[in-house]
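Below is one structure, written out as structure tokens; comments come after it.
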Amino acid sequence: MSALTALMLNCTLKPSPEPSSTEVLGQQVMEALGEQGVSGDALRVVDHRVLPGVLTDMGDDDEWPTIRAAVLAADILVLATPTWLGQHSSVAQRVLERLDAELSETDDAGRPTLFGTVAIPVVVGNEDGAHHISAILGQALGDVGCTLAAQPAVYWNGEAMSGVDYKDLTEVPEAVAAATRTAAANAVHLAGLLAASPYPSP
């Protein structure tokens with residue numbers, strides 16, 4: 001079996017090189033995947049021209065086709081979002097809307113293109129809402145064809161009404177570290193199974 005690969009889509013609202021808590025937690029998940037032998041790349045979506053729509057290519061210098069190619073090439077998709085007003089970011093919503101096009105795209109065996117992809121939702125913020133956002137991301141990613149392993153989500157919420165961001169923490173909370181290790185190990189296990197034995201053709 002060939003080595004597994006991962007792609008982290010950072011859906012922060014902050015363009016590079018502005019520091020991002022979403023980047024920090026997402027990279028920790030990527031590092032945990034790396035410890036499982038998975039190689040990967042990260043992409044900050046807001047740095048690219050991703051047009052609204054539900055097609056694989058919206059034209060007019062749309063950069064989603066390039067991002068889409070990276071998504072389809074990865075065995076594991078890490079979708080990381082901050083929390084704003086108790087919701088996932090508008091950038092994350094744009095990614096989900098563009099992934100909707102995969103519902104009508106199939107591989108050579110007639111399977112939806114994302115059937116072999118394992119997803120890890122990552123949520124960060126300083127207010128409550130992580131379970132709500134994880135549920136939305138999980139349902140949407142499952143709908144477009146991704147598979148989620150057991151205990152797939154990694155999240156951190158700081159104290160309500162606090163000004164402390166995840167990137168400002170001096171150490172990783174053990175609960176977050178444990179969730180990261182579990183999500184990474186289970187995603188790698190499941191991705192390996194799917195690579196060796198894909199879902200059946202319809």
Side-chain angles (χ1 to χ4, degrees), residues 1-11 22 25-27 29-30 32-34 36 38-45 50 53-57 64-82 87-89 91-124 130-155 179-180 182-202:
M1 185 180 69
S2 60
L4 298 174
T5 61
L7 174 69
M8 192 262 282
L9 293 183
N10 177 1
C11 296
T22 310
L25 185 54
Q27 285 294 350
V29 172
M30 294 295 284
L33 289 169
Q36 298 285 330
V38 177
S39 61
D41 295 304
L43 187 150
R44 194 177 292 207
V45 179
V50 177
V54 290
L55 301 178
T56 58
D57 188 345
W64 178 254
T66 300
I67 298 173
R68 175 180 182 261
V71 170
L72 296 181
D75 298 293
I76 299 171
L77 174 63
V78 178
L79 184 59
T81 180
Q87 308 294 323
H88 54 289
S89 73
V91 177
Q93 183 62 29
R94 178 68 52 85
V95 168
L96 294 177
E97 289 165 353
R98 296 306 301 268
L99 288 175
D100 184 78
E102 303 310 318
L103 288 169
S104 58
E105 300 292 325
T106 57
D107 64 14
D108 293 340
R111 294 176 292 248
T113 52
L114 291 174
F115 260 30
T117 304
V118 175
I120 301 178
V122 176
V123 184
V124 67
H131 282 176
H132 165 71
I133 295 171
S134 296
I136 289 174
L137 298 186
Q139 185 272 335
L141 290 166
D143 263 8
V144 299
C146 294
T147 302
L148 280 76
Q151 298 184 345
V154 178
Y155 64 87
T180 298
T182 297
N186 289 352
V188 171
H189 176 72
L190 182 56
L193 293 175
L194 287 174
S197 181
Y199 285 116
S201 302

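What's counted below: heavy atoms across the whole structure, side chains too, no hydrogens, waters or symmetry copies.
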Set of ring-ring contact (aromatic ring centres under 6.0 Å, His included) partners for His132, sequence neighbours left out: none

With sequence neighbours left out, the residues meeting side chain to side chain donor-acceptor pair (under 3.5 Å) with Arg94 are none

Contacts of type side-chain contact (heavy atoms from CB on, under 4.5 Å), residue Thr22, not counting sequence neighbours: Asn10, Thr12, Ser20, Ala80, Pro82, Val124

Inter-residue atom distance Leu99.CG - Leu77.CG, 0.5 Å rounding: 7.0 Å

Results of salt bridge (Lys or Arg N to Asp or Glu O under 4.0 Å) for Asp57 - residues two or more places apart only: none

Of all heavy-atom pairs between Cys11 and Ser89, which one has the smallest distance, and what is that distance? O-OG, 2.7 Å

Which residue, Ile120, Thr117, Val29, Leu190, forms the side chain to side chain contact (heavy atoms under 4.5 Å, CB included) with Ile76? Ile120

Within a 6.0 Å radius of atom CD on Glu97, are there more than 12 heavy atoms belonging to other residues, nucleotides or ligands? yes

To check you understand the geometry: which heavy-atom pair defines the closest contact between Leu194 and Phe115, and what is its length? CD1-O, 4.1 Å

If you measure from CE on Met8 to CG on Leu43, what distance do you get to the nearest 0.5 Å? 9.0 Å

Among residues at least two apart in sequence or on other chains, which ones pass side-chain contact (heavy atoms from CB on, under 4.5 Å) with Ala74? Thr5, Leu7

Could you go through the side chain to side chain contact (heavy atoms under 4.5 Å, CB included) check for Val188 and Asp75 one step at a time? CA-CA 9 Å; Val188 171; Asp75 298 293; over 6 Å; no

Of the non-hydrogen atoms in Pro202 and Ala109, which two are nearest, and what is the gap between them? CD-O, 3.9 Å

When you compare the side chain of Leu103 with that of Val54, does any pair of heavy atoms fall below 4.5 Å? no

Return the set of residues passing side-chain contact (heavy atoms from CB on, under 4.5 Å) with Ala119 (not counting sequence neighbours), or none when no residue passes. Leu141, Cys146, Leu148

Taking only residues at least two apart or on different chains, which pairs with a member in residues 130-153 satisfy salt bridge (charged side-chain N to carboxylate O under 4.0 Å, His left out)? none

Backbone of Ala101 reached by a side-chain donor or acceptor of Ser104 within 3.5 Å: yes

Partner of Val123 under side chain to side chain contact (heavy atoms under 4.5 Å, CB included), chosen from Thr81, Val154, Leu79: Thr81

Between Val71 and Leu114, does a side chain to side chain contact (heavy atoms under 4.5 Å, CB included) hold up when you go through it step by step? CA-CA 9 Å; Val71 170; Leu114 291 174; 4.0 Å; yes

What pairs with Glu102 under side chain to side chain donor-acceptor pair (under 3.5 Å), at least two apart in sequence or on another chain? Arg68, Thr113

Looking only at heavy atoms, which two atoms of Ala153 and Ser134 are closest? And how far apart? CB-OG, 3.7 Å

Side chain to side chain donor-acceptor pair (under 3.5 Å) involving Asp100 - partner list, sequence neighbours excluded: none

Quick note, side-chain hydrogen bond (donor to acceptor under 3.5 Å, both in side chains) partners involving residues 190-202, not counting sequence neighbours, are Thr147-Tyr199

Can you check whether Leu55's main-chain N or O pairs, donor with acceptor, with Arg98's side chain at less than 3.5 Å? yes

Those residues at least two apart in sequence (or on a different chain) that pass side-chain contact (heavy atoms from CB on, under 4.5 Å) with Ala185 are Gln36

Run the side chain to side chain donor-acceptor pair (under 3.5 Å) test against Thr180 and tell me which residues pass, sequence neighbours left out. none

